[in-house]
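Heads up: numbering here begins at 1 and tracks the sequence.
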Amino acid sequence: MTVAIDINHLRTRALRQLLGHLDSSTTDLVPEIAGSAAPHFADPVRAELERDRVFGTVPFIAAHSSEIAHRNDFVTVELPRNKVILIRQRDGGVKALINSCRHRGAELVTEESGRCRLFSCPYHRWSYGPSGELRTVTLEDTFGEFDRSQYGLVEIPAEERHGFIWVVDDPNRSIDVAEWLGAEMDAIMASYDIGDLVSIDPHTYRRPTNWKILQDGFLDNYHVKYAHPNTAGKMLHTNAVALEDYGRSFWFLTARKTLDQFIGHDVEWDESMEAHTIESCFLGPNTMLLKHATHFELLTFRPVGADPNQAIMQMRIMAPSVEASGLEPEHWRKRWAKNWGLLIAILHDEDFPILDGSQRSMNNLDAGPMLLGRNEIGSHLFRRLIDDLIGSPQ
């Protein structure tokens, strides 16, 4: 069933709520403080459950559509269960193929991206077409007879929707992104037209940190002025969030300090408010999408296999292309290089040291029970989803 979302009505309601929070030094809250425990971030048994019951069960984003814009374009992606090749097909569709030769298991592709009409194994030169079919068995007369149709590359479910390539990291599953998102969030995502944008120089980071600690760090509006006093803390308000909970995902609005000029006014949302707010979506199970006035940012987090102490974080900036922006190519390049420079500086100098240290602390054997405050609403909802998926209590 299609659900119509009046996105500006949603924004106006959240904007008024947010201004009320700024005026009274409040924020959206959950009913109760919750407990938290170090083993949730360091236990290999739980990590294995997350690998299989989260990433092997539900859809999550693996790439932006523009990263494989043309026929035979591919990118390679390390997922929690499998390393895969995402490749654009002849008919315009996308497939996600496990990057492993069906002969002796050699890795077929080592490049991060490219364009290829034939994948050739470096070990014995077996080859596969872009759709994964086995094309060539070298010295076939001496190899022996077998059913070649059963030995194409293994495929995991993939779907292109809202400008992204989504996957479920298990070949025995199916995928339905709209059903997973739910009608409200699917409608919000459709309103953004992210498929019309291009992904600009995506960055991948491998960190010695549990993926949930990384995800928590980018759901958290409570830390901004404390962890980022000389950067984001100068521009953004701390501990002020207006949130809409859609079950497996949620939408929320936070404030730049320039929004203060509207406190006490009866406001309606219009495009000018984009300069004073940040609109964000948590797309369960592992993604943050941030809408800015000129672009979107996407942050995804996933474990490395079942290692609770290793994670992969990917960041993307998605913006109008050079042609669509109307900017001169050199101006366009300088704008996004500057934007990336600021993001990377904050990550490396401020976020990563704290989050990496948190993971080291989670491996203390006697860290003691911890707490999650009522004001940490995004982290509560994130934990609720992961606990539901792995089948353990909160």
Side-chain angles (χ1 to χ4, degrees), residues 55-56 59-102 106-122 127-133 152-171 175 177 194-207 211 283 285-289 295-305 310-319 321-322 336 340 343-344:
F55 295 92
F60 60 96
I61 292 171
H64 185 260
S65 297
S66 67
E67 293 163 28
I68 49 171
H70 305 106
R71 174 182 169 186
N72 297 335
D73 283 357
F74 72 86
V75 293
T76 53
V77 186
E78 183 176 355
L79 304 179
R81 291 171 52 86
N82 296 289
K83 296 178 175 66
V84 302
I85 307 162
L86 304 179
I87 182 164
R88 181 73 62 184
Q89 299 295 297
R90 178 193 295 267
D91 63 2
V94 173
K95 286 195 173 186
L97 307 171
I98 294 179
N99 191 4
S100 181
C101 179
R102 297 297 305 281
E107 189 174 61
L108 284 174
V109 182
T110 57
E111 299 89 349
E112 292 182 0
S113 62
R115 182 174 296 176
C116 188
R117 292 186 295 176
L118 195 72
F119 296 116
S120 182
C121 176
S127 66
Y128 302 83
S131 63
E133 76 280 8
L153 300 181
V154 176
E155 184 177 349
I156 65 170
E159 181 183 344
E160 191 166 16
R161 192 171 183 84
H162 305 314
F164 296 109
I165 313 301
W166 308 67
V167 297
V168 176
D169 193 13
D170 185 335
I175 189 166
V177 174
I194 296 173
D196 296 338
L197 307 178
V198 295
S199 175
I200 302 170
D201 189 22
H203 285 52
T204 299
Y205 302 96
R206 195 180 184 106
R207 303 304 306 173
W211 72 279
L283 308 173
N286 70 326
T287 298
M288 276 289 295
L289 178 69
H295 65 285
F296 287 84
E297 293 168 8
L298 187 85
L299 300 92
T300 60
F301 312 90
R302 56 184 184 264
V304 176
Q310 295 287 329
I312 292 171
M313 171 184 174
Q314 290 188 306
M315 290 188 67
R316 290 174 168 84
I317 290 175
M318 294 152 299
S321 65
V322 175
W336 299 116
W340 264 121
L343 284 173
I344 292 168

Could you note down all residue pairs passing ring pair (Phe, Tyr, Trp, His ring centres under 6.0 Å) where residues 71-98 supplies at least one of them, sequence neighbours left out?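 Residue pairs passing ring pair (Phe, Tyr, Trp, His ring centres under 6.0 Å), neighbours aside: Phe74-Phe119.
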Applying side chain to side chain donor-acceptor pair (under 3.5 Å), name anything that partners [X], two or more places apart in sequence or on another chain.
| X | answer |
| --- | --- |
| Gln310 | none |
| Glu297 | His292, His295 |
| Arg161 | Asp186 |
| Asn286 | none |

Does the side chain of [X] reach to within under 4.5 Å of the side chain of [Y], using non-hydrogen atoms?
| X | Y | answer |
| --- | --- | --- |
| Leu298 | Met288 | no |
| Val167 | Val84 | no |
| Phe60 | Asp169 | yes |

Next on the checklist: Just to verify, what does Asp196 make a salt bridge (charged side-chain N to carboxylate O under 4.0 Å, His left out) with, not counting sequence neighbours?
Outcome noted: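 With neighbours one apart ignored, the set is empty.
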Would you say [X]'s side chain and [Y]'s backbone share a donor-acceptor pair under 3.5 angstrom?
| X | Y | value |
| --- | --- | --- |
| Gln314 | Thr300 | no |
| Tyr205 | Met315 | no |
| Trp166 | Ala63 | no |

Reported [atom1]-to-[atom2] distance for the pair [X] and [Y], which is rounded to 0.5 angstrom:
| X | Y | atom1 | atom2 | value |
| --- | --- | --- | --- | --- |
| Leu299 | Thr287 | CG | OG1 | 9.0 Å |
| Leu79 | Leu86 | CG | CG | 7.5 Å |
| Leu153 | Cys101 | CG | SG | 7.5 Å |

Could you go through residues 91-99 and list every donor-acceptor pair under 3.5 Å that involves a side-chain atom there, pairing it with any protein atom two or more places apart or in another chain?
unit_1	atom_1	unit_2	atom_2	d
Asp91	OD1	Gly93	N	2.9
Lys95	NZ	Ser131	O	3.4
Asn99	OD1	Leu108	N	3.0
Asn99	OD1	Val109	N	3.0
Asn99	ND2	Val109	O	2.8

- prompt: Is there any side chain to side chain donor-acceptor pair (under 3.5 Å) pair reaching into residues 106-122, and which pairs are they, with sequence neighbours excluded?
  reply: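 The answer is His70-Arg115, Asp73-Arg115.
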Going by the rule side-chain contact (heavy atoms from CB on, under 4.5 Å), which residues pair with [X] if we only count those two or more places apart in sequence or in a different chain?
| X | answer |
| --- | --- |
| Glu78 | Lys83, Arg206, Val304, Ile312 |
| Ser199 | His64, Ser66, Glu67, Pro202, Arg316, Met318 |
| Pro171 | Val154, Ile156 |

message: Please enumerate all residues that pass ring pair (Phe, Tyr, Trp, His ring centres under 6.0 Å) together with Trp211, with sequence neighbours excluded.
response: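 With sequence neighbours excluded, Trp211 shows a ring pair (Phe, Tyr, Trp, His ring centres under 6.0 Å) to Phe55, Phe382, given in chain and number order.
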